[in-house]
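Working notes, structure below.
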Amino acid sequence: QVQLVESGGGLVQAGGSLRLSCAASGRTFSTYAMGWFRQAPGKEREFVAAISSKGGTTVYADSVKGRFTISRDNAKNTVYLQMNSLKPEDTAVYYCAKSKYLGPTSVGVDFGSWGQGTQVTVSS
């Protein structure tokens, strides 16, 4: 079972930036896609971004396209989410997740392991 640990959340003003990190345990990190999801209070969990196993392909939700960038460092077993031009509506708990597949997808059921989440709060 892969263990995922997110970090980097916090409080930031609108227009600011944050970078989330997710460290994975195990030796097979480079063999599966990774993704980020988020859940705001009272709302369903939603897809944010995903990246293929080698990092060559990325997928984004329309709401974050052009503002967020997902990347990974397979040598460090870590996936990142760079968030720029943050808006109050980006406020949520952000979760990283391990995909069951090589390629990136946006569907939650395609992901088999989840981190504990990190809070991101954007003030107006």
### Task
Report the C-alpha separation of Met34 and Leu4 in whole Å, then their side-chain angles, then the decisive distance to 0.1 Å, and conclude whether the side-chain contact (heavy atoms from CB on, under 4.5 Å) test is met.
CA-CA 11 Å; Met34 292 291 295; Leu4 303 172; 4.0 Å; yes
### Message
Determine whether Ser63 and Arg38 satisfy the following criterion, side-chain contact (heavy atoms from CB on, under 4.5 Å), listing intermediate values before the conclusion.
### Response
CA-CA 12 Å; Ser63 59; Arg38 67 187 182 186; 3.6 Å; yes
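Residue Phe47 is not grouped with residue Val79 when hydrophobic side chains (ILVMFWY) are merged at heavy-atom distances under 4.5 angstrom, including chains of intermediate members.
Looking at Asp62 and Lys65, a side-chain N of the basic residue comes within less than 4.0 Å of a carboxylate O on the acidic one, giving a salt bridge.
The nearest pair of heavy atoms linking Arg45 to Gly108 is NH2-CA, 4.0 Å. Among all heavy-atom pairs drawn from Leu18 and Gly8, the shortest one is CD2-O, 3.8 Å. Nearest heavy atoms, Arg67 versus Asp90: NH1-OD2, 2.7 Å. The minimum heavy-atom distance linking Val93 with Gln119 is given by the pair CG2-OE1, 3.2 Å. Minimum heavy-atom separation, Tyr94 to Leu81: CD2-CD2, 4.1 Å. Contact detail for Asn74 and Ser30: the closest heavy-atom pair is ND2-CB, 3.4 Å.
To the nearest 0.5 angstrom, Ser99 atom OG is 4.5 Å from Phe111 atom CZ. Atom CD1 of residue Ile70 and atom CE of residue Met83 lie 12.0 Å apart, to the nearest 0.5 angstrom. Here Tyr60 contributes atom OH and Ile51 contributes atom CD1; the two are 7.0 Å apart, rounded to the nearest 0.5 Å. Here OH of Tyr95 is found 15.0 Å from OG of Ser113. Values are rounded to the nearest 0.5 Å. For the atom pair OG of Ser106 and CD of Glu46, the computed distance is 11.5 Å after rounding to the nearest 0.5 Å. Here OG of Ser52 is found 8.5 Å from CG of Leu102. Values are rounded to the nearest 0.5 Å.
Between Phe29 and Tyr32, the two ring planes are perpendicular [angle over 60°; tilted spans 30° to 60°].
Remark: the backbone N or O of Leu20 is not paired with any side-chain donor or acceptor of Glu6 at under 3.5 angstrom. Between the side chain of Gln39 and the backbone N or O of Ala92 there is no donor-acceptor pair closer than 3.5 Å. Panel note: side chain Arg72, backbone Ser53; a donor-acceptor pair is recorded below 3.5 Å. The backbone N or O of Thr91 lies less than 3.5 Å from no partner atom in the side chain of Thr121, so there is not a single donor-acceptor pair. With hydrogens and angles ignored, the 3.5 Å screen pairs a side-chain donor or acceptor of Ser25 with a backbone N or O of Gln3.
Here the two rings, on Phe68 and Trp36, have centers that are 6.0 Å apart or farther.
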